2 protein chains.
Amino acid sequence: MVDFAPPPITLEDVARHAGVSKATVSRVVNRNYGVSEPLRQRVMQAIQALGYQAERPAHRLRGAAGEIVGVIVPDIQNPYFTTVVRGIDDLAHSYQLSVLLCHTGDHPAKQDAYIRMMMMERVAGLILAPSFGITRDPLQQLAQFGTPVVLIDRSVSHLRFDTVIVDNVQGAYQGVRHLIDQGCQRIAFVGGDLQLSPGRERLAGYQQALADHDLPSDPALIRIEHFSVESGRRLTRALLNRPQPPDAIFAASNSLSMGVLKAVREAGSRIPADLAVVGFDDVPWADDLFIPLTTVTQPAYEVGQEAVRMLLRRHSEPAAPVRTVTLPTALTIRESCGAARRAENVRTG
Amino acid sequence: MVDFAPPPITLEDVARHAGVSKATVSRVVNRNYGVSEPLRQRVMQAIQALGYQAERPAHRLRGAAGEIVGVIVPDIQNPYFTTVVRGIDDLAHSYQLSVLLCHTGDHPAKQDAYIRMMMMERVAGLILAPSFGITRDPLQQLAQFGTPVVLIDRSVSHLRFDTVIVDNVQGAYQGVRHLIDQGCQRIAFVGGDLQLSPGRERLAGYQQALADHDLPSDPALIRIEHFSVESGRRLTRALLNRPQPPDAIFAASNSLSMGVLKAVREAGSRIPADLAVVGFDDVPWADDLFIPLTTVTQPAYEVGQEAVRMLLRRHSEPAAPVRTVTLPTALTIRESCGAARRAENVRTG
DNA sequence: TTGTAGGCGTTATCAT
DNA sequence: ATGATAACGCCTACAA
């Protein structure tokens, strides 16, 4: 068993080949400042000839700013985070930054481990969608290290970091009000994880909308578990089995929405005839569901981009005050809310 | 504007604090071999007290095997790749490997750039879903560098690398035969990118199934563009507008399937009454579409895991012969193929 | 068992 | 405009 790998070509090899010093080659590689044209040519040729590739770890070791931005998300299969990551990735790469991506499955322990790893990698910055139960320590350590940190999606009150979130209260309010506008009276809330700020804020938006329109808030209609398909399904099943079932459901996440839809279909109820549904957070296939889903749409891609921008800004102004950017949501009206039906009724009647 | 970042804690700091040499600390950090218990204690305490974090770049520079595995996929928003990445990620992290993820948008130039970046990062290995138009050069360079490379999803004939693929021919055959079993006679093929092996092989499976069942292969029913929703929609529209439209469509990817569904609904045709549909590649929401989609299911998660295993194997046996692992597909029967309808007919009749 | 010293590939400082 | 040289933080012979 032979190892065919030839020794990597180093700066020194290039220097020897071109008959110059390491310093000169380094200068050519980095900026063209202070090197004569003929020499530059010779060096470039040598680089070509040998197929030289700079070694980033050494580069970093020497104190150069890292070229990697770390990203930690709870779930890489959730289309919301996928889109966020896409936004991060596109902008980061336009700045020649690589993306080191990890997902935690919402396990606090895994998350801590990855944060530590990011630190060991000496990443240029970290974009984190914090899990429930995040501890102050690892992040604080990172920050004291001088590494910019940007929190996304979920704000953590006891953590003072730059943050990019969406207006969850307003988004939920918007969705629920739309349901009220359709004439719904008994609107249920299927939510998840109140330990997470989106969970809390979306519930608050729901309650606010109810209050503002003089609708009673029935605790029996408020069901909370986790942001998962299975939770959505289970909670909806319970809701539908009540003596007096709701006439609408507001689902607080895309996973929950899918669960709600499953349960409704299984129960044989019809949307929106028997039950109107509005979900928080769009999904790419919302139009193609058995009932096109009306959703509160988050600007996920923009969240990612904004996070990168904040990272960069913090990098140039390390001592600037901590900032939170709140992006607006939009309502995408499809059919599950009953709007189309009502419109039809208007026409028909 | 002040920079509050304190200088990072180094091995040397720990050594000083513990009153030992750098070597001893290093030994404690790496393996416990050859360090007396009392000293080990002292060192550990110092590490705790100072909050020491090893610096990976320096570690790597010193010749340690890289702890990062690079992953390059064409599209991080495609649920197929998302699942593959998840498989990679889960297994990689269980081996203490980090994942450096990039997506290329199927741009050959971007892809080349990222491969070069992986090389500069000195990744421990690279898992790549190659874009169309991949050039031999950058990969070859990586390989000569001694970096293990594993190709996934798409095999590239002129590239001799370890590869993990699925049995596309068999999968397509399976899907089309199922359509034939339902009594379909004029089965159209909506495909994409014949430059990519999945594109070619799925077409081959389709043709093979037709031939084996004495069905004529009508060139007018074979439509090829790209693996995208828009292509699926456009091609299906054209198919439906023919004087003699097909009675079934086999869609060669998940994106194409979604496009087919959109076009069919827009045209007002009914599935499976007017047209049966089977798609290649499952999607998590297949059950919840306006017509539950029958699909040929790829073991995406396993593809990712197997890729990591091959990487690791190659790492321990650099000179082993190049291997290709082909994973089987499965048929998930839902409703779009007409199977449910037929069953119903049987009962009713 | 522990310490000393050299080098990994790069960049920055200081001469020339 | 160039070149020699000293770090950067870590690991590992080798020496004690």
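Heavy-atom basis, side chains included; hydrogens, waters and symmetry copies ignored. Just so we're on the same page: letters track the sequence lines, and every chain starts at 1. None of these values were measured; they are calculated from a predicted model.
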Suppose we screen for salt bridge (Lys or Arg N to Asp or Glu O under 4.0 Å). Which residues come up paired with [X], at least two apart in sequence or across chains?
{"X": "B/Asp162", "value": "B/Arg314"}
{"X": "B/Arg86", "value": "A/Asp75, B/Asp90"}
{"X": "B/Arg116", "value": "none"}

Can you list the residues that meet the side chain to side chain contact (heavy atoms under 4.5 Å, CB included) rule with B/Ile152, with sequence neighbours excluded?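 Checked B/Ile152 against side chain to side chain contact (heavy atoms under 4.5 Å, CB included); matches are B/Val84, B/Ile127, B/Ala129, B/Val150, B/Val164, B/Val303, B/Ala307.
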Using the side chain to side chain contact (heavy atoms under 4.5 Å, CB included) criterion, which residues pair with B/Ser98? Sequence neighbours excluded.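 Residues passing side chain to side chain contact (heavy atoms under 4.5 Å, CB included) with B/Ser98: A/Leu100, A/Met117, B/Arg56, B/Ile68.
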Each nucleotide in nucleotides 2-9 of chain D should get exactly one letter: B, S or -. Can you fill that in based on protein heavy atoms under 4.0 Å? BBB--BBB
Tell me the ring-ring contact (aromatic ring centres under 6.0 Å, His included) pairs involving residues 61-109 of chain A, sequence neighbours left out?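 Those involving residues 61-109 of chain A are A/His93-B/Tyr114.
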Expressed in angstrom and rounded to an integer, what is the separation of A/Asn30 atom CG from D/dA1 atom C1'?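 It works out to 17 Å between those atoms.
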Write down the distance between CD (B/Glu12) and C1' (C/dG3), rounded to a whole number of angstrom.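 Atom CD in B/Glu12 sits about 13 Å away from atom C1' in C/dG3.
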Among residues two or more places apart or on two chains, list those pairs meeting salt bridge (Lys or Arg N to Asp or Glu O under 4.0 Å) that have a residue in residues 123-132 of chain A.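 As it turns out, there is no salt bridge (Lys or Arg N to Asp or Glu O under 4.0 Å) pair with a partner in residues 123-132 of chain A once direct neighbours are skipped.
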Residue pairs passing the salt bridge (Lys or Arg N to Asp or Glu O under 4.0 Å) test where at least one lies in residues 43-53 of chain B, sequence neighbours excluded: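 Passing the test, one end in residues 43-53 of chain B: no pairs.
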Please round to 10 degrees the angle between the axis of the first five pairs and the axis of the last five pairs in the helix from C/dT1-D/dA16 to C/dT16-D/dA1.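 If I round to tens, the end axes sit 40° apart.
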Donor-acceptor contacts, no H, no angles, side chain residues 42-54 of chain A, under 3.5 Å, sequence neighbours left out:
residue	atom	partner	partner atom	Å
A/Arg42	NE	A/Ala18	O	3.0
A/Arg42	NH2	A/Ala18	O	3.0

Pairing donors with acceptors under 3.5 angstrom, does anything connect the side chains of B/Glu55 and B/Thr10?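 The criterion, which ignores hydrogens and geometry beyond distance, is not satisfied for B/Thr10 and B/Glu55.
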Please work out which residues in residues 41-49 of chain A have a non-hydrogen atom less than 4.0 Å from an atom of DNA chain C and list them by number.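 DNA chain C contact set from residues 41-49 of chain A: none.
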